[in-house]
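Heads up: the structure comes next, in structure tokens.
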Amino acid sequence: MDYLKGLNPPQREAVEHTEGPLMIIAGAGSGKTRVLTYRIAHLIHAKKVDPFQILSLTFTNKAANEMRGRIEQLIGLEARNTWMGTFHSVFAKILRVESEKLGYPSNFTIYDTDDSKSLIKTIVKEMRLDDKIYKPNTVLSRISGAKNRLISWENYINDPYIKADDEAALKPKMGEIYRAYQKRLFKSSAMDFDDLLFNTNVLFRDHVDVLNKYQQKFRYVLVDEFQDTNLSQYLITKKLAAVHQNICVVGDDAQSIYAFRGADIQNILNFEKDYPDLFVVKLEQNYRSTKTIVEAANSIIEKNKAQLKKIVWTHNDHGDLVELIKSTSDNEEGRMVASAIFEERNNKKLNNSDFAVLYRTNSQSRAIEEALRKMNITYKIVGGLSFYQRKEIKDLMSYMRFVVNQDDEEAFKRIINYPKRGVGASSVEKILVAAYEHDIPLWEVLNNASSFLSGRAANSISDFTTMIKSFQMETERKDGYEAASTIAKQSGLLRELYEDKTIEGLNRYENVQELLNAIKEFVDNTENEDKSLGAFLQEIALLTDNDRDKDDTDAVTLMTIHSSKGLEFKQVFVVGMEEDLFPSQMMMQSREDLEEERRLFYVATTRAMEKLYLSYALTRYRFGRLLNCEPSRFLEEVDPSCIRVNKRKGSQLASTFRDQTNGREGKTGFIGLKRPATRAKTAKIHTPSPDFKPSNTNNLAEGMQVEHPKFGYGKVLKVEIEGSNKKATIGFKDFGDKTLLLSFAKLRIVE
DNA sequence: ACAACCTACGTTTTT
DNA sequence: CGTAGGTTGT
């Protein structure tokens, strides 16, 4: 095969080792995507594997699309026939086919995070719980954490250790909320993101015939970004590959940055234990970056303890030194970045698209944007507030969702009184209570509204159901675009927006038009066989904004480090290198957390091909106040011989002065970023030490002293592992012995 | 039922 | 600072 010639020996090995379990440890910039695509091409061409039998799982649609495109370049249209997509999209597809085995209709809705939070909020309210204690975010992340580890609500409620943890956190009703949440999702014929994976596990567990079918179907299973899989995802792939054992995982433990959503770096670190005859290939030659950048990145990542051994090296030139940009305020930081881009672009004849500005949090984009706008540099923002999260878009989509699935409670709540039709909160509540308490489908309740609502409200509901029915007929008869246009017009939504002549109103109107255009595009695309509204909804439920922007204007890219993974740019600016911002204060509760932040820094630096800039500001606006900042500890971890300090000066003093007096400096003065000692009391019984922060309990051992927010000080008596769970029995001075599930426990190790 | 005002709260990352 | 949610008044 002549296409194998361009590969180096380990790359080639990875491509040609097609049978049996294989793990490819792919360092940054080592040509991972290339190996993956060649491998698939090799399977199809040399090994004559039917493309339908190859399943490739990625984390983002972008990665999947890119891979598909590149395979197509290699072997042509045959590539279309391989199964390729994100975990969520592939298994959503399978669940649609098999949904009835789980009691779901095949037109189930996929709830996004906003829907989930809103549902949790109503449940908390209905249960008359304190919404200060049961915040939607907290509850959802707890439920999500459980689902990712395959703990059902039944398991959750019955597990004494989880119960103890929740009680300790003063959130004893968590299990009840989880239960109500799942029941409600089911009644709404809806799944949240985690359910797509959770339910796939249930499907494979309870229906051996189904599992068998897919085991036979997918003879080759490939997992990209394996370091970011959670337990739920890992078990799915393991089960699928159990018969043929042709599982190939590709990843880089140094780039694992999604622990917050359940990714378990142990999956990659311990992969060998699950597959004793595992073949391991390491790709260590970096083709992307200069020696300086590779060295700087290596000097950062080597501080981490938990990692697989690997030495990333390159043949490339040394290139420029890493440039350290110091500035006195976030606005000045923006100006310096913008002027550096301006100069470099002119001096080196580069395009805007050769530059990227990376930051830790989305809110940091503002200052950069302003500076770029002032210098007339085109930029685009990746991520941030999603198009699909905008109110007007969610409203129209909710109409479409409700027409397709009348059980969808969240969609119903959005549209029942928008545009206003005289159905207020109390009427809505009556309807929902009727549906929930007597376990009647929502749609049935709506069709009998007159039996329990006052005349006026009942009439409105009746008009509403008539309208929805007409939309349903429209949807059955016509394609998705025509149906959606009818819905937008006849619901009155478009008129409502049209009448709003403010700038925002105009924007909203245009956004709705853009959504309609997207549907038109979907319908006109010859690759899509099913052109119904339902098909469109399924398609976009799992799309993020990142997948939408196809425009190829020459622009500087602004994004979070997380969304930069897998990309590369000639010149990269990592801004906001300040302690407590990066590494993030909120994140830092243990050594493991610091290591994840460090991996994030590693990911950021390794995006750069030719030149890397690290930048920090001494003051920054946050919550509308000017805060003092210190340079990040990470800056000290970079090998100093790789760095030089930026000499740019400009009128720093004057501009700093302006920044700080702009608006309301002076009276309150600067507020130190260092967290004040005052902390909220978390328990009545025991007030934890003022600096109480849960430690990571992975390395908890017998005899250690620990502190618990409710039970106070105690001593570790026993640590044991049960299945995938780790538990510790702790003797507390005032509360006796308690056994806690460590993954959920809030414990501080007393040094 | 709805608009106008007022207060509290949060900003970590994404499928 | 901006937003979401709650409370008041019509």
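A, B, ... follow the sequence lines: proteins, then strands. Residue 1 opens every chain.
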With a 4.0 Å limit, can you tell me whether A:T560 has a side-chain N or O closer than that to the phosphate oxygens OP1/OP2 of B:dT14? yes

When all nucleic acid strands are considered with a 4.0 Å heavy-atom cut-off, which category describes [X]: base, sugar-phosphate, or nothing?
X      : value
A:T361 : sugar-phosphate
A:T113 : base
A:Y258 : sugar-phosphate

Nearest to the side chain of A:S563 - B:dT14, B:dT13, B:dT15? B:dT14

Quick one: list whatever passes side-chain contact (heavy atoms from CB on, under 4.5 Å) with [X], sequence neighbours left out.
X      : answer
A:D112 : A:D114, A:D115, A:F193, A:K394
A:T109 : A:Y111, A:A190, A:R401, A:N405, A:D408
A:S232 : A:L150, A:L197, A:N201, A:N230

Mind listing the N/O atom pairs, protein and nucleotides 4-6 of chain C, below 3.5 Å?
unit_1: C:dG5; atom_1: OP1; unit_2: A:K121; atom_2: NZ; d: 2.2

Please list, chain by chain and in numerical order, all residues satisfying salt bridge (charged side-chain N to carboxylate O under 4.0 Å, His left out) with [X], sequence neighbours excluded.
X      : value
A:E98  : A:K101, A:K213
A:E568 : A:R288
A:K374 : none

Given that both pair distances must be under 3.5 Å and the pair must be Watson-Crick or G-U, what runs of three or more consecutive pairs involve DNA chain C? B:1-10 with C:1-10

Between A:D395 and A:R390, does any NZ, NE, NH1 or NH2 come within less than 4.0 Å of an OD or OE carboxylate oxygen? no

Is a salt bridge present between A:D228 and A:R261, judged by a nitrogen-to-oxygen distance below 4.0 Å? no

Figure out the [atom1]/[atom2] separation between [X] and [N], and round it to whole Å.
X      : N      : atom1 : atom2 : answer
A:K565 : B:dT13 : NZ    : P     : 16 Å
A:E597 : B:dT12 : CD    : P     : 11 Å
A:D228 : B:dT13 : CG    : P     : 16 Å
A:I561 : B:dT14 : CD1   : C1'   : 15 Å
A:E539 : B:dT15 : CD    : P     : 15 Å
A:N362 : B:dT13 : CG    : P     : 5 Å
A:N65  : B:dT15 : CG    : C1'   : 14 Å
A:M559 : B:dT13 : CE    : C1'   : 14 Å

Does the B:dT13 base have a donor-acceptor partner in the side chain of A:R360 within less than 3.5 Å? yes

What residues, two or more places apart in sequence or in another chain, satisfy ring pair (Phe, Tyr, Trp, His ring centres under 6.0 Å) together with [X]?
X      : answer
A:F573 : A:Y613
A:Y104 : A:F186
A:F108 : none

Dump every N/O contact between nucleotides 2-10 of chain B and the protein below 3.5 Å, one line per pair.
unit_1: B:dC2; atom_1: OP2; unit_2: A:N417; atom_2: ND2; d: 3.1
unit_1: B:dG10; atom_1: OP1; unit_2: A:K135; atom_2: NZ; d: 3.3

Check for me: is A:F260 stacked on B:dT13 by the 5.5 Å centroid and 30° plane-angle rule? yes

Distance-only polar pair, side chains of A:S141 and A:S144, donor-acceptor under 3.5 Å: no

Write down the distance separating the P atoms in C:dA4 and B:dT13, rounded off to the nearest Å. 16 Å

